[in-house]
Amino acid sequence: KGKGKGPQGKRITLKMAKNSIRVSFSGRRRLDLSKMGITTFPKCILELADVEELDLSRNMLRKIPNTIEKFQNLLWLDLHSNQLDELPKEIGTLQNLTYLNICNNKLTTESLPEELNLLKNLKTLNLGLNCLETVPTTLGALKELVDLGLFDNALTTIPKSVKNLPKIEKVNVKRNPLRELEQPEEEIDTIKRIEKLYLVEEKDLCSSCLKMCKGERDELHKLEDMTPNSSKELSFPLLLTPNSSAKDNQEEWRVR
């Protein structure tokens, strides 16, 4: 059993970690420790810090230590589905990162380190399923970003600096209370309107035009008859006249 306070989770040994390295077709080495029940970052994996990919997803990690900076060869880092409520500023030293997934954690806007904007080679950044209320405008410095996940947060706006990233192709903002999405769509105007109106006296019209105009006028009158007249006084017999009950109850409310 592990020493120290709190649940230790599964203890990862160096031998276990070495056996968890997979080599991809491109020759990249991935240290895959996903779904291992880990609650604390295994110190022993610092001896394998030369890997290009690190997968610690689907565990119970609450913190990533500042020693993450040892993994200078990392191109790909997956931390999704943990219990992270902060990230160390040292994550900004991983200058070669092209992929960072920190989706489904407990990160807030305040707990995102400003140093994220130093990851100049980042192409994919997934911040979905966190507790973000705003997107740091500094993410606009990530000029190589192609794919940005912001879904399932509490965002009301997306900053222009992020929207206008030069290489961005996909921004997933689903299930956020975005103000621009709440604006009602323009109502379709069903009334036929005319751009110009000419007024003439009946005596100036020829007989066929006069007949046509009278016909259209009759049609309008029919429509008016079918439409309830809003100018008619509405009757609410059970409603007391204004202030009548207020006057009676004023003293009673003052006493209360």
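Position 1 is the first residue of the sequence; numbering continues from there. Model, not experiment: these values are computed from the prediction.
Distance check: L112 CG to L87 CG gives 6.5 Å after rounding to the nearest 0.5 Å. If you take CE on M16 and CD1 on I45, they are separated by 12.0 Å, rounding to the nearest 0.5 Å. Distance CG/L127 to CG/L155: 9.0 Å, rounded to 0.5 Å. Rounding to the nearest 0.5 Å places CG of N59 at 9.0 Å from OG1 of T39. Here the CG atom belonging to L94 is positioned 10.0 Å from the CG atom belonging to L122, to the nearest 0.5 angstrom. Rounded to the nearest 0.5 angstrom, I64 CD1 and N82 CG are separated by 6.5 Å.
Listed by chain and number, the residues in a side chain to side chain donor-acceptor pair (under 3.5 Å) with T98 amount to none (sequence neighbours excluded). In terms of the salt bridge (charged side-chain N to carboxylate O under 4.0 Å, His left out) criterion, residue partners of E53 (sequence neighbours excluded) are, by chain and number, R28, R30. Among residues two or more places apart in sequence or in another chain, the ring-ring contact (aromatic ring centres under 6.0 Å, His included) test is passed with Y99 by W76. Not counting sequence neighbours, K120 has no partner by the side chain to side chain donor-acceptor pair (under 3.5 Å) test. Not counting sequence neighbours, the partners of K160 by the side-chain contact (heavy atoms from CB on, under 4.5 Å) test are N164. Under the side chain to side chain donor-acceptor pair (under 3.5 Å) criterion, S161 pairs with no residue at all, not counting sequence neighbours. Here K163 pairs with E180 under the salt bridge (charged side-chain N to carboxylate O under 4.0 Å, His left out) rule; sequence neighbours left out. For the salt bridge (charged side-chain N to carboxylate O under 4.0 Å, His left out) test, residues two or more places apart in sequence or in another chain that qualify with R175 are D152. Annotation: side chain to side chain donor-acceptor pair (under 3.5 Å) contacts of S24 (sequence neighbours excluded): S26.
Side-chain atoms of N121 do not come within 3.5 Å of backbone N or O of L97 as any donor-acceptor pair. A donor-acceptor distance shorter than 3.5 angstrom exists from the side chain of D55 to the backbone of S57, with no hydrogens or angles considered. No donor-acceptor pair under 3.5 Å is formed between the side chain of D78 and the backbone N or O of S34. Between the N96 side chain and the Q72 main chain, a donor and an acceptor come within less than 3.5 Å of each other. Within the 3.5 Å criterion, the main-chain N or O of N126 finds no donor-acceptor partner in the side chain of N172. Remark: side-chain polar atoms of S111 are paired, donor with acceptor, to backbone N or O of D85 under 3.5 angstrom.
Counting heavy-atom neighbours within 6.0 Å of K63 NZ, excluding the residue itself, gives a total above 12. Shown here is E114, whose CD atom has no more than 12 heavy atoms of other residues, nucleotides or ligands within 6.0 Å.
The two atoms that bring N130 and N105 nearest to each other are OD1-C, 3.0 Å, heavy atoms only. Of all heavy-atom pairs between E86 and L107, the closest is N-CD2, 3.5 Å. The two residues P88 and P65 have their closest heavy-atom pair at CG-O, 3.8 Å.
Residue pairs meeting the salt bridge (charged side-chain N to carboxylate O under 4.0 Å, His left out) criterion with at least one member in residues 39-52, sequence neighbours excluded: R29-D50, R29-E52. Within the structure, ring-ring contact (aromatic ring centres under 6.0 Å, His included) contacts touching residues 13-60 (residues at least two apart or in different chains) do not occur.
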Show the atom names and distances, to 0.1 Å, of all donor-acceptor pairs under 3.5 Å that link a side chain in residues 132-151 to residues at least two apart or in another chain.
from : atom 1 : to   : atom 2 : distance (Å)
K143 : NZ     : G140 : O      : 3.0
E144 : OE1    : K167 : NZ     : 2.9
E144 : OE2    : K167 : NZ     : 3.3

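Under the 4.5 Å side-chain heavy-atom criterion for ILVMFWY residues, no single connected hydrophobic cluster contains both L118 and L74.
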